[in-house]
Structures are given as structure tokens and as C-alpha cells.
Amino acid sequence: MFSMDSFSLKGKVALVTGAAYGIGFAIAKALAQAGATIIFNARNTEHINKALADYKADGIDAHGYICDVTDEQEVQTLVKQVEADFGTIDILVNNAGIIKRVPMLNMSVEDFRKVVDIDLTGPFIVSKAVLPGMIKKGHGKIINICSMMSELGRETVSAYAAAKGGLKMLTKNICAEFGSANIQCNGIGPGYIATPQTTPLREPLHDGSKNPFDQFILSKTPAGRWGTPEDLMGPAVFLASDASNFVNGHILYVDGGILAYIGKQPE
Ligand code: NAP
Ligand code: GCO
């Protein structure tokens, strides 16, 4: 029988990767507000300590660990430590990610590999470490933070689009392979969100004029604005909760309508 309690995360343990700031921080706050215990990782102590203070300022007693999602040993150690300290991880949000905006012919293979390693191999490594506990417990939720670039390409983001397109298919494959274990794996595809990652696309030019990319996105977004990390909080709680137990392998685009819109006619 449906009740609003199905949106509650009380008693759940959630690991949100790369949640020291940005989208991951907002999603972790939402999961905490729904009742989950929040575990997050970053790559350095400074980011961990600042994030712990920021979570505390929002009334959240989060737990931070140093871990690079591309290092399988570090990830295995993190998951074992979390399971010892807090119990099985019920919810995994694969949020950690980077972008390098370089024209393809100028992009080094090393840079291409680094983006794919963090944005695609990282979610594989972390999911592989967390899944055994979920299978044993008889349920689990994995949410992969995809992108508009899981569906669309654009100049200078070849590595990122390849990785996020792959992450969409990894999402569907985890659904296929573990749905019978009562594990739901879905994606959230944010549109253009105002975070440190997109600052170069939004900030005014040196002469004080508006950033052309900023204007471009506003013309492509029916909502007529950039998204904020807060726009992703409700969708994340939904996909992390029992309310979405029959939603699996789905990418939920939270994009203000970009994917549905050809764009405003230039005036
Ligand atoms: P952000 O502000 O740059 O934050 C990225 C986070 O990922 C940081 O906490 C960073 O931690 C962490 N991280 C990077 N590499 C890592 C690694 N190897 N191991 C562990 N943590 C790592 O980016 P954001 O805008 O919040 O984006 C978060 C996610 O949403 C990314 O996957 C991004 O691709 C995706 N996304 C963003 C947008 C957008 O418009 N902003 C739209 C769609 C999708 P450190 O402090 O250690 O670097
Ligand atoms: C870019 C942006 C995008 C956003 C996001 C859109 O350079 O085009 O960084 O990639 O980060 O992924 O969904």
C-alpha cells in the first residue's frame, strides 16, 4: 500500500562520491534530509574538512573519507571501512567526475584516458565494490550522475561525452545484471548546472560582457535559466527511495527541458 513513507531514507546508509561540494554536496544534503546517514569521499583532507564543516552548518553529521574513485584498492578499503563503521551501503551515488574542454585534435590520449577513468571507470570500480553488500542485504540503489552529454555531443568535450554515454549504458547494464537481486540502478542527467565545473561557461568575459555560452544555454533551455544543485535534490531522493522500486535502468534528465527543445529563434 503506497504511503509517503516510501520517500523516507530513515535507517539507510548512503555513499555519495565527490560530495565535498557542487552537485554531490546538494544530493548528499537531500538524502540526509530524507533520513540517510551520509558518507562521502574527496581526494584531499582540505576538501574533506571544509565539507564536514559545511555539512555541520546545515545540521548534517556527515562522514568523509579520502578516496580516489579510480584507485580500486582505495575504493575497496573505503567500502570495507564504511561497512564496518555503519553497516551495508544501501544507496550509492556515483557523482565524482571531471571534464576537460579541449578540441579533439588537440586532446592528448592521456587527458582522454583521465576523463574516462574518473567519469566511467570510477563508477564501475565503486559499484563493483558496493554491489556484494547490496546483494547480500537483498536490496540496493545505485544512482549514476550522467549528463546531457550522455545524449548529445558538442565541440571540445569528446572524452566527457564518451564517458557519460558509457555511464548511461553502464547504468542499463547494472539494471540488467542485478535487477533480480532487487537492486535498482538509474541515472540522473543534469542539464547545465551552476557549479564550479561550469564556472568558465558562465562567468562574464574580461571586458565585462556576457559569456556567449551563457547566452547559448539560456536560449536552449525552456526554463530560461541555469539549473542549480538544489534542482537535483528531489529527483535524487526519489531514485534513492522505495518510491522508485519499479524504476530501473532509467536516466532521469533534470535539464529544464533542454532535450525537448530546438532552441529559441535568434532575434
Ligand atoms: P565539481 O563541482 O567539479 O565537483 C566534482 C567533484 O568530483 C568534486 O567533489 C571532486 O572532488 C570530485 N572528484 C573528481 N575527481 C575525483 C576522483 N578521482 N576521486 C574522487 N572524487 C573526485 O562538479 P559538479 O558540477 O558538482 O559535477 C558533479 C557531477 O555531475 C560530475 O559527474 C559531472 O560530470 C556531473 N554533471 C555536472 C553538470 C553541471 O552542469 N555542473 C551537469 C551534468 C552532469 P575533489 O575535490 O577531490 O576534486
Ligand atoms: C559543457 C558542460 C556540460 C555540463 C553537463 C551538461 O562543457 O558542455 O560542462 O558538459 O557539465 O555535463 O549536462
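Just follow the structure's listing: the first ligand is 1, and inside any ligand the first atom is 1. Only heavy atoms go into these numbers, but all of them, side chains included; no hydrogens, no water, no symmetry mates.
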(request) Look at the side chain of Asp119 and the backbone N and O of Ile99, then say whether any donor-acceptor pair between them is shorter than 3.5 Å. (result) no

(message) As an exercise, identify every atom of ligand 2 less than 4.0 angstrom from a heavy atom of Arg101.
(response) 1 (C), 2 (C), 7 (O), 9 (O)

(message) Exactly one of Thr195, Thr221, Asp214 should register a side-chain hydrogen bond (donor to acceptor under 3.5 Å, both in side chains) with Trp226. Which one does?
(response) Asp214

(request) Taking only heavy atoms of Arg154 into account, list the atoms of ligand 2 that are under 4.0 Å away from them. (result) 1 (C), 7 (O), 8 (O)

(message) Pairing donors with acceptors under 3.5 angstrom, does anything connect the side chains of Lys141 and Asn245?
(response) yes

(message) Among all the protein's non-hydrogen atoms, which is closest to atom 3 (C) of ligand 2, and how far away is it?
(response) Tyr192 CE2, 3.4 Å

(request) Could you tell me whether Lys114 atom NZ has more than 12 heavy atoms of other residues or ligands within 6.0 Å of it? (result) no

(request) Check ligand 2 against Met149 and write out every atom of the ligand that is under 4.0 Å from a heavy-atom position of the residue. (result) 10 (O)

(request) Using heavy atoms and a cut-off under 4.0 Å, could you grab the residues that are in contact with ligand 1, chain by chain, numbers ascending? (result) Gly18, Tyr21, Gly22, Ile23, Asn41, Arg43, His47, Cys67, Asp68, Val69, Asn95, Ala96, Gly97, Ile98, Ile118, Ile145, Cys146, Tyr160, Lys164, Pro190, Gly191, Tyr192, Ile193, Thr195, Pro196, Gln197, Thr198

(request) Taking only heavy atoms of Leu201 into account, list the atoms of ligand 2 that are under 4.0 Å away from them. (result) 1 (C), 2 (C), 7 (O), 9 (O)

(message) Students should be able to answer this: which protein heavy-atom is nearest to atom 11 (O) of ligand 2, and at what distance?
(response) Gln197 OE1, 2.8 Å

(message) Students should be able to answer this: which protein heavy-atom is nearest to atom 6 (C) of ligand 2, and at what distance?
(response) Gly191 O, 3.4 Å

(request) Could you grab the distance from atom NE2 of His63 to atom CD1 of Ile48, nearest 0.5 Å is fine? (result) 12.5 Å

(message) Looking at Arg101, I'd like to know if its CZ atom is crowded, meaning that more than 12 non-hydrogen atoms belonging to other residues, nucleotides or ligands lie closer than 6.0 Å.
(response) yes

(request) Could you tell me whether Ile99 and ligand 2 have an N or O pair separated by under 3.5 Å? (result) no

(message) Between Asn144 and Gly187 (side chain of the first, backbone of the second, donor and acceptor by atom type, cut-off under 3.5 Å), is there such a pair?
(response) no

(request) Do me a favour and list the nearest non-hydrogen protein atom to atom 5 (C) of ligand 2 with residue, atom name and distance? (result) Ser147 OG, 3.6 Å

(request) Look at the side chain of Ser150 and the backbone N and O of Lys164, then say whether any donor-acceptor pair between them is shorter than 3.5 Å. (result) yes

(message) For the CD1 atom of Ile193 and the CD atom of Glu230, what is their distance to the nearest 0.5 Å?
(response) 10.0 Å

(request) Below 4.0 angstrom from a heavy atom of Tyr160, which ligand 2 atoms are there? Numbered from 1 as shown, please. (result) 5 (C), 10 (O), 11 (O), 12 (O)

(message) Working to the nearest 0.5 angstrom, can you tell me the gap between Ile142 CD1 and Asp90 CG?
(response) 11.5 Å

(request) Hey, could you give me the CD/OG distance between Gln197 and Ser147, rounded to the nearest 0.5 Å? (result) 8.0 Å

(message) Nearest non-hydrogen contact with atom 13 (O) of ligand 2 belongs to which option: Pro200, Gly153, Pro190, Ala161?
(response) Pro190

